[in-house]
Asker: 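Take this structure, written in structure tokens, and hold onto it; I'll ask about it next.
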Amino acid sequence: MAGAAMTATFLAVIGGASLLAVTARRLRPSDRLPSLEGWALADRSLGPGWTWLLLGGTVYTAYTFTAVPGLAYGNGAPAFFAVPYTVIVCPLAFVLLSRLWSVARRHGYITAADFVRGRYGSAPLALVVALTGILATMPYLALQLLGIRAVLRAGGLYPPGAAGDLVMVAVFAGLAVATYRHGLRAPTVIAALKAVAVFVSLTAVCWLVLDRFGGPGAVFDGAARALGGTDPAHSPLVLTPGQQPAYATLALGSALALLMYPHVLTAGFAADGTRTLRKVSAGLPAWTALLALFGFLGIAALAAGVRTPAGGAEAAVPMLVGRLMPGPLAGLVFGSIVVGALVPAAVMSIAAATGFVRNVYVEYVHPTATPKRQVRVAKAVSLTAKLGAVAFVFGLRDQDAINLQLLGGVWILQIFPAVAVGLYTRWLHPRALLAGWAVGMTAGTYLVVREGFSSIVPLVAGSPEIYAGVAALVLNLAVAVAATPVLTRLGVPRGPDATDLPSRPHSGRRPPTGANNA
């Protein structure tokens, strides 16, 4: 009976998401002709409430809500790097997103590569920015499906064999159709259900955990004993001095990388103004608190004696939920996490499709493509991306997707100089930025692969471990800075700047008209 009640609640949540997706066309309807801006960015019409729901629902993915507690379950304190990392994101979003939105809106840019093309007048640099974004997004999209499968399996909702695969495809299919038809509006309306369901279900789970164990202190004490910590002065739930460099660089590097992901920029560009983005950035810490509570549940799973399958620590929270909660509430939690995967998955597929159409298809294949044709191609690419993610999950090991996503975080960080630094200065030469990108991509990939697909690496034997993405970014910037004066002295030409932004910081010159508003 409990299993039937759980299944019924789960299906009700998924059904509600499907119904909301059908209503997406009513969200800020537009009388404009079909355009890529309308399909991918909802005509840049989302107010503070909708933007907060969409951006939060996009940044905080379902795999985050399972991987972070899974990491806490398996490793203790290092897992909580995600909390300062998402805190750092908020002021960065306040500054960078609003400035980038202003430039993008004025010039009709839809992707980060559009901005780079306009800022530096360099088609090759824009192309590598677009391709890096697509390359980093695809394994991230596959991870959302892995999160769905982990939850379904832990809840007993994933039958063995082909039947289980059909269940996951059915869950994903409704959103795929809605996204194809309505673009970004579909995940936007579903993000409202995600927020309500996740906040309510998480509150219920945390209340049950605290009620069972008698308070947070008892939870942490029980988890420390489960991790083998008998000495309170050396608890595995406290960072050691040797772990601190990795923790700090991972938090900083992850924050810088997050705002370079195409799906995050797509959600931000859909806002109706810079004031909206600043309000939303100030409100994002509410989602960070949610993430911290999910990490706490990973600790609670240790204290409760949950035993996950080998290599399946991400199932810790779903297994804890199944143990503590009655069927209907467990179904609500499982449904919430699954819906939590659908929102970022949809935005990721839209962002990847938009980047391909704007910066590959129109730039190199069909420069005269009409807006209607661009939308048609973007819809097809978006659907193909989802089908590719499904095939990836079914055809390869879970660890393959995780390894590629780790590399994706390192890769996406290498476009930070071209995009974020380019918002404030054009001093770096575009060819120097290309050289820095190539060196950073090569070095970051080498460091991660050398350590067996670990993103925490020692630079040399015996040195403290740090995040490979930060090491590669420092090398990237060093090459770009060193090569720029050489290329300038050699007279290598630059492309024109079409953004109305200042070319150099602290130049003492008055910026062009309109630059102070960007």
Side-chain angles (χ1 to χ4, degrees), residues 64 67-89 91-92 136 220 223-224 227-261 288 291-292 295 298-299 302 311 313 399 402-417 420-421 436-482:
T64 301
V68 169
L71 187 59
Y73 174 88
N75 299 91
F80 285 90
F81 86 91
V83 177
Y85 135 51
T86 49
V87 169
I88 296 170
V89 163
L92 286 176
F220 281 94
L227 285 173
T230 56
D231 182 2
H234 300 89
S235 170
L237 299 179
V238 178
L239 287 175
T240 65
Q243 292 173 321
Q244 291 173 8
Y247 185 93
T249 55
L250 189 56
L252 176 62
S254 298
L256 298 178
L258 183 66
L259 291 178
M260 297 298 102
Y261 274 105
T288 298
L291 180 62
I299 301 298
L302 277 170
Q399 191 60 44
I402 294 170
N403 290 343
L404 286 175
Q405 201 277 327
L406 291 174
L407 279 172
V410 174
W411 293 337
I412 200 68
L413 195 51
Q414 305 318 307
I415 69 171
F416 188 87
V421 176
W437 169 85
V439 170
M441 292 284 284
T442 303
T445 303
Y446 168 75
L447 288 172
V448 172
V449 174
R450 184 191 69 181
E451 297 301 315
F453 285 95
S454 170
S455 59
I456 303 299
V457 300
L459 294 182
V460 295
S463 67
E465 293 185 328
I466 63 172
Y467 178 43
V470 169
L473 177 62
V474 170
L475 190 57
N476 179 342
L477 284 168
V479 170
V481 170

Asker: Q414 side chain to V410 main-chain N or O, any donor-acceptor pair under 3.5 Å?
Answerer: yes
Asker: Measure across G440 and A472 and return the closest heavy-atom pair with its distance rounded to 0.1 Å.
Answerer: O-CB, 3.4 Å
Asker: Quick one: CG on L413 to CG on L259, what's the gap to the nearest 0.5 Å?
Answerer: 11.0 Å
Asker: Of all the heavy-atom pairs spanning A72 and G295, show the shortest one and how long it is.
Answerer: CB-O, 3.8 Å
Asker: Rounded at 0.5 Å granularity, tell me how far CG in L252 sits from CZ in F81.
Answerer: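 If I round to the nearest 0.5 Å, the distance is 12.0 Å.
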Asker: If every non-hydrogen atom of L250 is compared with every non-hydrogen atom of S254, which pair is closest and at what distance?
Answerer: O-OG, 2.7 Å
Asker: Compare every heavy atom of V448 with every heavy atom of S455, then report the nearest pair and how far apart it is.
Answerer: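 Looking at all heavy atoms of both residues, the closest pair is CA-CG2, 4.3 Å.
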Asker: Quick one: does Y261's side chain have a donor or acceptor within less than 3.5 Å of a partner on A136's backbone?
Answerer: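 Not confirmed, Y261 side chain does not pair with A136 backbone.
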Asker: Identify the two heavy atoms, one from W437 and one from N476, that lie closest to each other, and give their separation to 0.1 Å.
Answerer: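 The pair with the smallest heavy-atom distance is N-OD1, 3.5 Å.
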Asker: Just verifying a value: how many Å separate I299 CD1 and F80 CZ, rounded to the nearest 0.5 Å?
Answerer: 4.5 Å
Asker: Working to the nearest 0.5 angstrom, can you tell me the gap between L407 CG and L447 CG?
Answerer: 10.5 Å
Asker: Could you grab the distance from atom OH of Y247 to atom OH of Y85, nearest 0.5 Å is fine?
Answerer: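 Going from the OH atom of Y247 to the OH atom of Y85 covers 13.0 Å.
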Asker: Can you measure from CD1 (I88) to CG (L258) and round to the nearest 0.5 angstrom?
Answerer: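 The CD1 atom of I88 sits 11.5 Å away from the CG atom of L258.
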Asker: Would you find a donor on one side and an acceptor on the other, under 3.5 Å apart, between the side chain of T86 and the backbone of V83?
Answerer: yes
Asker: Please check: side-chain N/O of T445 versus main-chain N/O of T442, any donor-acceptor pairing under 3.5 Å?
Answerer: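 No: the side chain of T445 does not pair with the backbone of T442.
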Asker: If every non-hydrogen atom of P245 is compared with every non-hydrogen atom of I466, which pair is closest and at what distance?
Answerer: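 The answer is CB-CG2, 4.2 Å.
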